[in-house]
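Note that this is a predicted model, so its numbers are computed, not measured.
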Amino acid sequence: MTTSHEATLKTFQKWLKDDVRSILDNFLEIVKLAKVELDPNPQNVTPSRAQEHYEVIVRASNMIRAQESLIKLIHQIKQFYIINDFQLINDSIRGSNTAHQVEDIDLKLITLRNEISSELHNLEEEYYHSVNK
C-alpha cells in the first residue's frame, strides 16, 4: 500500500474518532443537563432553564452534524475502496473478457457447424447423384 493510501486511511480514522468523540461528548453534556424538577409548575421558567434548553438543542444539533459527517465518511470509504481495489477491478475485467470470449467462440462454433452441415449436405447430394448415373 502506498503512503498516500496510508495517509488517506489515517485521515479516515481521525475523522471517525473525532465524530464519535463529538457524539459522545454532546450526549454526556445533555445527560448532565437533565435535572429532575421537583416543582412541576411550568410557570417557573427561569432564564437558566431557558439557557439549558437552548444548550440541549445546540448539543443535539452537534450530534446530528457528527452523525451526518459519519455518513459522509462511510461514502468516502466506499468510494476509496471501489476506486483503489485494483485486484477486484482486474478480476472483473478478466471475467467480462472471458464471458465475451466464450460468447464469441460459441457464435463462431455455431457458424462453423452450420457451414459444415450445409457443405456436407451438398457433398451428399453430389455423391448420391453421381452414384445413380
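Between E103 atom CD and D106 atom CG the span is 8.0 Å, to the nearest 0.5 Å. Summarising the geometry, atom CD1 belonging to I74 is positioned 11.5 Å from atom CZ belonging to F12; distances are rounded to the nearest 0.5 Å. Taking CD from Q51 and CG from L33, the interatomic distance works out to 9.5 Å, rounded to the nearest 0.5 Å. A distance of 14.5 Å separates CG of L70 from NE2 of H75, quoted to the nearest 0.5 Å. A distance of 12.5 Å separates CG in L24 from CG in D19, rounded to the nearest 0.5 Å.
Grouping the Ile, Leu, Val, Met, Phe, Trp and Tyr side chains by contacts below 4.5 angstrom, directly or via other members, places I30 apart from Y54. Note on L107: it does not cluster hydrophobically with I116, by side-chain heavy-atom contacts below 4.5 Å among ILVMFWY residues. V20 and L28 end up in different hydrophobic clusters when Ile, Leu, Val, Met, Phe, Trp and Tyr side chains are linked at under 4.5 Å. One hydrophobic cluster, built from ILVMFWY side chains closer than 4.5 Å, cannot hold both I71 and F27; they sit in different ones.
Between the S117 side chain and the R113 main chain, no donor and acceptor come within less than 3.5 Å of each other. No donor-acceptor pair closer than 3.5 Å links the side chain of S118 to the backbone N or O of N114.
When the salt bridge (Lys or Arg N to Asp or Glu O under 4.0 Å) test is applied to K108, no partner is found at least two apart in sequence or on another chain. Take E119 and apply the side chain to side chain contact (heavy atoms under 4.5 Å, CB included) test, not counting sequence neighbours, and it matches N122.
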Show the atom names and distances, to 0.1 Å, of all donor-acceptor pairs under 3.5 Å that link a side chain in residues 57-68 to residues at least two apart or in another chain.
| from | atom 1 | to | atom 2 | distance (Å) |
| --- | --- | --- | --- | --- |
| R59 | NE | E55 | OE2 | 3.2 |
| R59 | NH1 | N26 | OD1 | 3.1 |
| S61 | OG | I57 | O | 3.0 |

Audit row: D18, K14, side-chain contact (heavy atoms from CB on, under 4.5 Å) steps and yes/no:
CA-CA 6 Å; D18 290 345; K14 182 179 179 332; 2.8 Å; yes
Evaluate side-chain contact (heavy atoms from CB on, under 4.5 Å) for L9 paired with F80, printing each intermediate quantity in order.
CA-CA 9 Å; L9 292 175; F80 175 78; 3.8 Å; yes
